[in-house]
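Just below is one structure, and these are the notes that go with it.
Every number for a ligand or one of its atoms is a count from 1 in the order of the listing. Because the structure is predicted, anything quoted here is derived from the model rather than measured.
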Amino acid sequence: MNARWNGQFSCFDLVAKTDDCSPVTVTVGDLEIGGGDFIVMAGPCAVESEHQIMQTAEAVAAAGARILRGGAYKPRSSPYSFQGLGVAGLKLLRKAREATGLAIVTEVMSEADVDVIAEYADLMQVGARSMENFSLLEALGRCERPILLKRGLTATLEELLRSAQVIAMSGNQQIILCERGIRTFETATRNTLDISAIPVLKAVSRLPVIVDPSHAAGVRSLVPMLARAATVVGADGLLVEVHPSPEHAMSDGDQSLTFAQFRNMMVDLQPYLALQEDDRRHRPRLLVAGGAD
Ligand code: PEP
Ligand code: MN
């Protein structure tokens, strides 16, 4: 392990990796994240209708996803954009879970909504725009659900871990970190996927790390390639936007995969997952040989 990184982050004692602590595995329903299985979470940006969420849940479950995503409360850059269905959306997510057995991840934007969302969600998502909403993080620390913490648009990894530490200090260490692209000077993609964030976070923190290639890319054609990159650098899973008819989506249609594209992506990932598995088995030898640590 890189001594400087370890020193730099060790102040985040509950979430930092130290020589005498084991990695955190996060339990979501009957799934374990961070324990070696690669878990894919997929679904629309926003829950729009019963038909849309049920169809999507069936399709992503059939392709191998284990968790259904879908926002009922949407943080939007424009106040004129679709804001989500609220509790009606949460009820549709529950119905989709009953039909498919998929666990549910959905975003919580406000401290006031924590209790109601915890009634419906298996995993509570903190969006990039809320990463430093400390009263929300503290409330999530007190709730008895695992947390998916997304990296802020301009947040350093230290700031991401600081937010994780706030949740952990409030009583909840069941936290998954999510790299979803950061804002840089580059405009060809919606955000810049910081691929090195994954091995760095895996080296300095005890928490599982997943990648959201959809918000990083902003265009669906790049999503499968970024997903592949995430698997080979050691991510514990993915969060991917999928929509039955992306051109009609009420939010983030340009970056949403069709069902067929999602299915293909899942099949194409298999050899890369095998590589990751192989890398895990040989990790000590490879690190010494590469001299990278
Ligand atoms: C989302 O997952 O739909 C979302 C709003 O993501 P982010 O917070 O990463 O922008
Ligand atoms: Mn989205």
Side-chain angles (χ1 to χ4, degrees), residues 39-48 52-53 56 60 65 67-79 81-86 89-90 92-93 103-110 113 117 121-133 136-137 140 147-157 159-160 163-164 167 175-184 189-194 197-198 201 209-220 222-223 226-227 230 235 237-258 262:
I39 303 290
V40 178
M41 316 179 187
C45 180
V47 181
E48 298 169 2
Q52 174 240 23
I53 198 68
T56 310
V60 299
I67 300 182
L68 177 67
R69 63 149 291 147
Y73 297 79
K74 294 303 301 173
R76 305 309 305 282
S77 301
S78 163
S81 302
F82 177 57
Q83 307 290 318
L85 296 179
L90 296 175
L92 294 177
L93 287 168
I104 300 297
V105 57
T106 195
E107 177 160 353
V108 51
M109 287 169 58
S110 143
D113 298 329
I117 294 178
D122 300 288
L123 177 61
M124 311 279 280
Q125 176 173 326
V126 179
R129 290 157 193 80
S130 303
M131 190 205 83
E132 290 194 317
N133 179 343
L136 172 63
L137 301 180
L140 288 167
I147 312 298
L148 176 61
L149 178 63
K150 297 188 95 176
R151 181 180 184 181
L153 275 70
T154 59
T156 63
L157 298 181
E159 288 160 345
L160 174 63
S163 292
I167 300 171
I175 306 163
I176 302 165
L177 303 172
C178 179
E179 163 59 36
R180 46 78 72 205
I182 48 174
R183 190 163 280 178
T184 67
T189 48
R190 182 176 179 183
N191 291 288
T192 298
L193 180 65
D194 180 7
I198 296 95
L201 288 170
V209 182
I210 68 162
V211 169
D212 171 350
S214 308
H215 289 85
V219 288
R220 78 179 65 89
L222 291 180
V223 170
L226 298 187
L238 297 171
L239 179 69
V240 182
E241 288 188 335
V242 178
H243 194 282
S245 174
E247 65 280 15
H248 298 115
M250 293 172 90
S251 58
D252 287 348
D254 289 348
Q255 67 196 32
S256 299
L257 300 181
T258 63
F262 180 68

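- For the atom pair SG (Cys45) and CG (Asp254), the distance works out to 11.5 Å, reported to the nearest 0.5 Å.
- For the ligand labelled ligand 1, residue Lys74 lies inside the 4.0 Å heavy-atom shell.
- Within the listing of ligand 1, atoms 7 (P), 8 (O), 9 (O) sit less than 4.0 angstrom from a heavy atom of Ala128.
- Annotation for ligand 1: atoms under 4.0 Å from non-hydrogen atoms of Gln125 are 1 (C), 2 (O).
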For this session: Dump the intermediate steps for side chain to side chain contact (heavy atoms under 4.5 Å, CB included) on Ile53 and Leu68, then the final yes or no.
Result: CA-CA 9 Å; Ile53 198 68; Leu68 177 67; 4.1 Å; yes
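- Taking CG of Leu148 as the reference point, atom CZ of Arg69 lies at 9.0 Å (rounded to 0.5 Å).
- In terms of polar-atom proximity, defined here as any N/O pair under 3.5 Å, Arg69 does make such a contact with ligand 1.
- Those atoms of ligand 1 that come under 4.0 Å of a heavy atom in Gly127, given as number and element, are 8 (O).
- Taking only nitrogen or oxygen atoms, main chain and side chain alike, Arg180 reaches within less than 3.5 Å of ligand 1.
- Ion pairing between a basic and an acidic side chain is recognised when a charged N comes within 4.0 Å of a carboxylate O; Asp194 and Arg151 show such pairing.
- Residue-ligand proximity, Glu241 to ligand 1, at heavy-atom distances under 4.0 Å covers atoms 3 (O).
- Salt bridge annotation for Lys74-Asp252: absent, with no cationic side-chain nitrogen under 4.0 angstrom from a carboxylate oxygen.
- Separation of atoms CG (Leu226) and CG (Leu193) is listed at 5.5 Å; rounding is to 0.5 Å.
- Per residue Asp252, closest N, O or S atom to the Mn ion (ligand 2): atom name OD2.
- Atom 4 (C) of ligand 1 has His215 NE2, 3.4 Å as its closest protein atom, hydrogens excluded (heavy atom only).
- For Glu48 and His243, the side-chain atoms include at least one donor-acceptor pair closer than 3.5 Å.
- Which parts of ligand 1 touch Cys45 is read off a 4.0 Å heavy-atom cut-off, strictly below it: atoms 3 (O).
- For Glu241 atom OE2 and His215 atom NE2, the angle they make at the Mn ion (ligand 2) is roughly 90°, to 10 degrees.
- Side chain of Arg220 to backbone of Ser256: a donor-acceptor contact under 3.5 angstrom is found.
- Here the heavy atom of the protein found nearest to atom 6 (O) of ligand 1 is Lys150 NZ, 2.9 Å.
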